[in-house]
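Just below is one structure, and these are the notes that go with it.
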Amino acid sequence: MPNLPKNPLKVDLSQLNPAQREAVVSADGPLLVLAGAGTGKTRVVACRVAWLVARGVEPGAILAVTFTNRAAREMKRRIADMIPAAMAEPITVCTFHSFGARLLRLHIGRLGYAPNFDIANDAYVEGVVQSLLTELGLPANNPPTAVWKQCLSKAKASLLTPDEIAADDAGWPPGFERLYPRYIMRMKAMNVLDFDDLLSLVVRLWQEHPEVLEECRRQYRYLMVDEYQDTNHTQFVLTSLLAGAAANLCVVGDDDQSIYGWRGAAVGNILGFQDQFPKAKVVRLEQNYRSSNTILEAANQVIANNPRRHHKALWSRGGQGDKIMIVKAKNENEEAEFAASLVRERKAVRGGSLDQFAVLYRSNHLSRSLEDAFRRAGIDYCVVGAKSFCQRREVIDALSFLRLAANPRDDQSLLRVLNVPPRGIGDRSLGHLLELQRTLGGTLQELMVAGPFPQGLSAAAATAAGEFSRCLQEWRSRLRQPGGLAEKIRGYLREIGYLDGLARIYKPRQDAIRRRENVLELFNAAAELEDRRGSDATLGEFLELFTLRDDNDRVKGRLEGSVALMTVHAAKGLEFPVVIVIGMEHELFPHHNSLKEGGLEEERRLFYVAATRAREELYLTYAARRRVGGNESVRRVSPFVREIPVCHTIDTDVASAFKPASAETAAEYLTKMKEMFGAANN
DNA sequence: CTATATGAGCTTTTT
DNA sequence: GCTCATATAG
């Protein structure tokens, strides 16, 4: 490269609207950006980062935290579009959890953990919970493990200690005060952290070792937090600690889109930001670049019924657009068929491909009738997010084998796969092993190879256990050598009998083949890592990447050319020209389980999110009768639908939506079609 | 110990 | 209608 004079960095703000520009150039002190749906939030954040750099802020001093990998990736991309790579590279853009993981790898020794800790995913935590429930003599499935897991997460996310839980009689299931401390001890003994630990241990680290906090504050002097409405208490404390008195803290979010309260997110964080920082500047982004004004006005009116919120009213320079169609179906099958025919008809009228359509629903099981209908209609569809790759049984098993090799202290994974595929070591032998651990202590892996364990077993079981241990040890040391990670993972899983065992575990051959393919996906992921990281990629790195990674990449590719079917939660952050929301019924949306704990407001926000996914056309459907858990029940339309001003809606039913039955419905139909076609021609 | 058969249960799920 | 968990026979 010749020595060219360096261009002074310029960031073009001319494309921004005044509010956006103000958010970008307010560089110092606390700043709250209230970014309504579709108001160009990512662009503003990226611009702000670039602007800071252009103003001379050292890139390495900027930390931008997001919730998802997808958001982090997107933000990096947008920043890289605006400033030279050499300046973009030192900027830290990452998720809360990867930030925590990175910091803890460096300093966790001070808290009594080893720095090569493993990170547990959901399935892993559930496994630990199950073992603990049996140990504590608590019922196995009442409440279900998922509920216990959620309680653990909530307790940790609120930074509650076991003592505080025991003193607090509000709402925890009976026995939780015993489970919670045991869970913490078990995880620590295995040197495994869960997702909440990645955050709460950072808080503890900073509180107990202020010099580490000081160092972080010196490094990260400009802090930005995306999706602030979704932060939980730990994340709030984390952010506050790091921001410190300097408080060059910019939080971006939309309280109206806070839909994760049930998981510990505290809307109060964004609602109370100005109480925390009385001098905070507040910028509202209300100009929407996504939806028609009909959709925006409907969404505005509905959300205005929520009492506690930052006032916002979205508007758009785009036209008024089509009315919102509210369609009544006889039952869930007619509803699903209507959705399918609607997609077909609108595609014929609009042209373009199927990926401009999305069908959204409140809960996963509603996808079933849709899938049937779309399959019958021969329309390509893709169900997003229902069962993520990582939760499949075979993937969990395969990962357990890998965790086992990476971490000799990981008892949980050992318990999970010791008898997978069946190798003659059943409940009795396992019980024997656990009994030994209770009396002798130590890790299960140690106990397996030495001491009195093999004697207590049948000859077959002892041989199997010995062979298992030998194989594990050998591959552990091989995996420690650098190079050929993917190949070694494959060799390990083959030799330990898992790959060939799949056919024995999963009975219909078709099923075994499918599961095998999923395991092969793991090898692909490892190979990918090797391509990116070079040949010295380690197993530990692979496991962390896989645990903290997101599934959305995979989904995105498949989405092309097909209708997206997903929950409203999964649709957050996405947009589609045409959106159909099904199951708009009382007790379903809002869901009956959420009505008790003042959850109606969150349900309304959820509906707000659903409606604002649509760019041009929005359809809301409901069924007069629906089979719920076997028996048919009579349904009423969702109250949210009736909160939309009638001037923005057309009420109809499936029969007359396509086929007019009488003169006046024919006229109405004609008007409707005119509007539709008119919009399509614009 | 393993392979099959029966029965309960079911909101949402960024990391 | 599908997945999990426990029961029971081989």
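Within every chain, numbering begins at 1; the chains are lettered A, B, ... in the order of the sequence lines, protein sequences first and strands thereafter.
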Note to self: Would B:dT12 be called syn or anti here, given the cut-off of 90° from 0?
What the structure shows: anti

Checklist line | Whole-Å gap separating C1' (C:dT3) and CZ (A:R393) | finding: 10 Å

Margin query: Assess the residue pair A:T621 and A:V581 against the criterion (side chain to side chain contact (heavy atoms under 4.5 Å, CB included)); give the C-alpha distance rounded to whole Å, side-chain angles, the decisive distance to 0.1 Å, and a yes or no.
Written below: CA-CA 6 Å; A:T621 71; A:V581 188; over 6 Å; no

Next item on the list: Could you tell me which residues satisfy salt bridge (Lys or Arg N to Asp or Glu O under 4.0 Å) with A:E467, sequence neighbours excluded, listed by chain and number?
Entry: A:R470

Every protein N/O within reach of nucleotides 3-6 of chain B N/O, cut-off under 3.5 Å:
from, atom 1, to, atom 2, distance (Å)
B:dT4, OP1, A:K507, NZ, 3.1

Next item on the list: Have a look at A:S258 and tell me which of A:R605, A:E227, A:R309 forms a side-chain contact (heavy atoms from CB on, under 4.5 Å) with it.
Entry: A:R605

Next item on the list: Would you indicate, yes or no, if C:dA5 has its OP1 or OP2 atom less than 4.0 angstrom from a side-chain nitrogen or oxygen of A:Q130?
Entry: yes

Checklist line | Any A:N419 side-chain nitrogen or oxygen under 4.0 Å from OP1 or OP2 of B:dT2 | finding: yes

Item checked: Distance test, side-chain N/O of A:T567 to OP1/OP2 of B:dT13, below 4.0 Å -> yes

Checklist line | salt bridge (Lys or Arg N to Asp or Glu O under 4.0 Å) involving A:D500 - partner list, sequence neighbours excluded | finding: none

Item checked: Between P of B:dT13 and CD of A:Q257, the distance in whole Å -> 16 Å

Check: Taking only residues two or more places apart in sequence or in another chain, which ones pass salt bridge (Lys or Arg N to Asp or Glu O under 4.0 Å) with A:R78?
Finding: A:E74

Next item on the list: Assign each of A:T145 and A:R368 to its nearest nucleotide of DNA chain C by heavy atoms, then name whichever residue's nucleotide is nearer the 5' end.
Entry: A:R368

Checklist line | Along DNA chain B (nearest heavy atom to each residue), the more 5'-positioned of A:P144 and A:L198 | finding: A:P144

Note to self: Applying a 4.0 Å non-hydrogen cut-off, can you work out what A:D196 is touching in the nucleic acid: base, sugar-phosphate, or nothing?
What the structure shows: nothing

Check: Would you say B:dC1 has OP1 or OP2 under 4.0 Å from some side-chain N or O of A:S429?
Finding: yes

Note to self: Quick check on B:dT12: is either OP1 or OP2 less than 4.0 Å from any side-chain nitrogen or oxygen of A:N364?
What the structure shows: yes

Check: Listed by chain and number, what are the side chain to side chain contact (heavy atoms under 4.5 Å, CB included) partners of A:A465, not counting sequence neighbours?
Finding: A:I425, A:M448, A:F453

Notebook entry, point to check: Do the two ring centres, one from A:Y113 and one from A:F117, sit under 6.0 Å apart?
Noted result: no

Next item on the list: Provide, to the nearest angstrom, the distance between the NE2 atom belonging to A:H365 and the P atom belonging to C:dT3.
Entry: 15 Å

Note to self: At less than 4.0 Å, is any side-chain N or O atom of A:N232 found next to OP1 or OP2 of B:dT15? Yes or no.
What the structure shows: no

Check: Between A:L430 and A:H591, which is nearer to the 5' end of DNA chain B once each is assigned its nearest nucleotide?
Finding: A:L430

Next item on the list: Using a heavy-atom cut-off of under 4.0 Å over every strand shown, decide if A:F96 touches base, sugar-phosphate, or nothing.
Entry: nothing

Checklist line | Length of the CD1-P vector between A:I505 and C:dC4, whole Å | finding: 14 Å

Check: Could you give all pairs that pass the salt bridge (charged side-chain N to carboxylate O under 4.0 Å, His left out) test and reach residues 582-593 of chain A, with sequence neighbours left out?
Finding: A:E585-A:R626, A:E585-A:R635

Quick one: which protein N/O atoms are closer than 3.5 Å to N/O atoms of nucleotides 6-9 of chain C? Pair and distance per line, please.
none

Next item on the list: Could you tell me whether A:R423 contacts a base, only the sugar-phosphate backbone, or nothing, with contacts defined as non-hydrogen atoms closer than 4.0 Å?
Entry: sugar-phosphate

Checklist line | Closest listed nucleotide, where the reference is the side chain of A:N69 and the choices are C:dG1, B:dT12, B:dT15 | finding: B:dT15

Notebook entry, point to check: Mind checking what makes salt bridge (Lys or Arg N to Asp or Glu O under 4.0 Å) contact with A:R376, not counting sequence neighbours?
Noted result: A:E337

Check: Is the aromatic ring of A:W262 within stacking range of B:dT12, meaning centres under 5.5 angstrom and planes under 30 degrees?
Finding: yes

Notebook entry, point to check: Mind checking whether A:W262 and A:Y260 have parallel, tilted or perpendicular rings, split at 30° and 60°?
Noted result: tilted

Notebook entry, point to check: What's the closest nucleotide to the A:R428 side chain, out of B:dT11, B:dT15, B:dC1?
Noted result: B:dC1

Next item on the list: Please collect all salt bridge (charged side-chain N to carboxylate O under 4.0 Å, His left out) contacts where either partner lies in residues 119-129 of chain A, sequence neighbours excluded, each pair once.
Entry: A:D122-A:K149, A:E126-A:K149

Checklist line | Integer-rounded Å distance: B:dT12 P and A:H592 NE2 | finding: 11 Å

Check: Tell me: CD of A:E602 to P of B:dT13, nearest whole Å?
Finding: 12 Å

Check: Taking atom C1' of B:dT15 as reference, at what distance in whole Å does atom CD of A:E544 sit?
Finding: 12 Å

Item checked: Spacing between A:E227 atom CD and B:dT13 atom P, to the nearest angstrom -> 16 Å

